[in-house]
Amino acid sequence: MLGFAVILVGSLCLAAQNVLLRVIFSESPILGQGVWGGFIPPTVGNSVLVLQMRSLLILPVMLILAPWFYPGTQQALKALVKPDQRSLLWRSLISSTFLFLSLTFLFIAIATIPAGTATVLFFTHPVITGLVSWRLFGDRPSWIRLTMTGTVLMGSVLVVPIAGAISPDQMWLGVGAALAACVTYSIQGVLAQTCFRTIHPVPFTVVNFVVMAVLSTLGLLLVTIDVPAESWGVLWGISALASALTLAGQLLYNVGIHLVSAALMSIVAVSNPVSTTLMAWIFLQETLTLRQGMGVGIVVLSIAILGYEKAQQSQVRSKG
């Protein structure tokens with residue numbers, strides 16, 4: 001139960017930062033009382049700006065904490081620049097680039113459509129990861145995985161907002177961005193797994209944040225941002241809180257994974273979209289139609305089954 005509780009708290013932290021991200025871009029009735037939020041317009045440029053602010057806030061903290069989590073962090077980072085590690089370096093950089101793209105798309109999605117809907121669509125990425133692994137590594141999926149892939153896709157269609165609840169352009173931008181985030185995150189996940197055979201996840205995560213900070217900063221040179229002068233203070237404040245929640249949530253996730261059994265590991269795959277949907281409903285009064293609710297249920301159940309099946313297979317391999 002300890003592992004379950006740790007993962008649940010981590011999930012709530014990550015869900016809270018998703019809700020805060022939504023508040024930055026959209027006025028919302030907080031707890032059904034007063035309306036608050038919408039500090040900057042939901043544009044691509046502003047989404048990149050928020051990602052840059054969060055990356056710049058998290059990076060120095062990560063550099064301080066990394067050696068504490070993994071004492072060999074500095075040596076691992078120095079080894080990356082050696083000629084014999086060139087392939088690993090490039091895979092790490094490419095994976096980090098896809099992570100940057102994924103988070104950029106996710107931020108755009110949450111800025112333009114309800115946070116719960118965007119998160120559920122994004123968390124269909126285990127299905128895409130399975131298909132990519134099948135194509136690249138010949139990891140042929142079982143009949144359970146194929147069946148769950150079909151149900152996830154069906155549920156995703158049901159989750160898409162009804163045209164009319166929001167403008168068609170906004171709906172398609174948000175849905176397209178969420179699906180793009182899903183695909184790019186799946187690609188970075190597959191690349192990351194190939195890197196973890198050689199490099200520890202902690203120094204790899206440091207590389208992630210360095211690349212995201214650099215790319216988001218360079219990206220701001222290519223886009224237009226629109227931030228009212230009076231919004232900078234609250235924007236930095238919310239970004240700092242969201243960054244703290246992101247770090248805390250990810251840390252608790254990693255701790256929880258080591259504490260739970262194979263049967264409970266599937267909770268990791270579904271706890272974030274469920275928590276985000278519930279928190280958006282409670283705090284922002286974001287509601288789902290019956291059709292969308294059915295879609296969320298189908299996606300969550302299917303991803304949970306996929307996670308459970310994968311955990312069972314890993315357990316069988318380790319015993320073998």
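Here, residue 1 is the first one in the sequence, and each next residue gets the next number.
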Determine whether F204 and L80 fall in the same hydrophobic cluster, where Ile, Leu, Val, Met, Phe, Trp and Tyr are linked whenever their side-chain heavy atoms lie under 4.5 Å apart. yes

Any side-chain heavy atom of D226 sitting closer than 4.5 Å to one from T43? no

Determine yes or no for a side-chain-to-main-chain donor-acceptor pair under 3.5 angstrom, with T246 supplying the side chain and A242 the backbone. yes

Please round to the nearest 0.5 Å and tell me the distance separating atom CG of L191 and atom CG of L93. 11.0 Å

Heavy-atom closest pair, residues V19 and A280: CG2-N, 4.0 Å

F209 and V48: same hydrophobic cluster, using ILVMFWY side-chain contacts below 4.5 Å? yes

A quick test of your reading: do over 12 heavy atoms of other residues, nucleotides or ligands sit less than 6.0 Å from CE of M294? no

Side-chain heavy atoms under 4.5 angstrom apart, residues restricted to Ile, Leu, Val, Met, Phe, Trp, Tyr: same cluster for V234 and L56? no

Is the closest side-chain heavy-atom distance between L57 and W236 below 4.5 Å? yes

Q74 atom CD, neighbour heavy-atom count above 12 within 6.0 Å: no

Identify the heavy atoms of V159 and V296 that sit nearest to each other, and give their distance. CG2-N, 3.5 Å

With the 4.5 Å side-chain cut-off for hydrophobic clustering, are V50 and L222 part of the same group? no

Is the side chain of N46 donor-acceptor paired with the backbone N or O of V227 at a distance under 3.5 Å, no angle test? no

Nearest 0.5 Å, what's the CZ-OG1 distance between F122 and T117? 15.0 Å

Starting from the C-alpha separation in whole Å, work towards a yes-or-no answer on side chain to side chain contact (heavy atoms under 4.5 Å, CB included) for F123 and V299. CA-CA 9 Å; F123 270 85; V299 169; over 6 Å; no

Exam field: side chain R54 to backbone S239, donor-acceptor pair closer than 3.5 Å: no

For the residue pair I108 and T104, establish whether any side-chain heavy-atom pair is separated by less than 4.5 Å. yes

Please check if V175 and L158 belong to a single hydrophobic cluster, counting links between Ile, Leu, Val, Met, Phe, Trp and Tyr side chain heavy atoms closer than 4.5 Å. no

Report yes or no: does Q85 contribute a side-chain atom to a donor-acceptor pair with the main-chain N or O of K82 at less than 3.5 Å? no

Please report the interatomic distance CD1(I24) to CZ(F107), rounded to the nearest 0.5 Å. 8.0 Å

Which atoms form the tightest heavy-atom contact between Q292 and T287, and what is the distance? OE1-O, 4.5 Å

Is a side-chain donor or acceptor of T124 paired with a backbone partner of L121 at a separation under 3.5 angstrom? yes

Scan residues 93-119 for pairs that pass salt bridge (Lys or Arg N to Asp or Glu O under 4.0 Å), counting only residues two or more places apart or in two chains. none

Hey, could you give me the CD1/CH2 distance between I30 and W36, rounded to the nearest 0.5 Å? 7.0 Å

Tell me whether the rings of Y70 and H200 are parallel (<30°), tilted (30 to 60°) or perpendicular (>60°). parallel

Considering all heavy atoms of both residues, which atom of G116 and which atom of E286 are nearest to each other, and what is their separation? N-OE1, 3.8 Å

Interatomic distance, CG@L14 vs CG@L247, rounded to 0.5 Å, equals 10.0 Å

Go through the steps for I187 and L101 under the test side chain to side chain contact (heavy atoms under 4.5 Å, CB included), then give the verdict. CA-CA 11 Å; I187 295 173; L101 292 173; over 6 Å; no

Determine whether a donor-acceptor pair (N or O, by modelled atom type, separation under 3.5 Å) exists between the side chain of T184 and the backbone of A181. yes

Let me see the working for S47 and F25 under side chain to side chain contact (heavy atoms under 4.5 Å, CB included), right down to the final yes or no. CA-CA 9 Å; S47 297; F25 292 104; 4.0 Å; yes

Would the distance check show the side chain of S102 and the main-chain N or O of F98 forming a donor-acceptor pair, the cut-off being under 3.5 Å? no

Any T205 side-chain heavy atom under 4.5 Å of F69 side chain: no

Check: A15 main-chain N/O paired with S275 side-chain donor or acceptor under 3.5 Å: no

Judged by modelled atom types alone, do Q170 and T112 share a side-chain donor-acceptor pair under 3.5 Å? no

What do the steps show when you test F100 against L51 for side chain to side chain contact (heavy atoms under 4.5 Å, CB included), and what is the final call? CA-CA 9 Å; F100 161 75; L51 177 58; 3.6 Å; yes

CD on Q188 to CD1 on I94, rounded to 0.5 Å: 12.5 Å

Quick check: closest heavy atoms across A115 and R22, and the distance to 0.1 Å? CB-CB, 4.1 Å

Are L220 and L49 packed together at the side-chain level, in the sense that at least one heavy-atom pair is separated by less than 4.5 angstrom? yes

Compare every heavy atom of N208 with every heavy atom of S96, then report the nearest pair and how far apart it is. OG-ND2, 2.6 Å

Within a strict 4.5 Å, meaning less than it, do heavy atoms of the L173 and D169 side chains meet? no

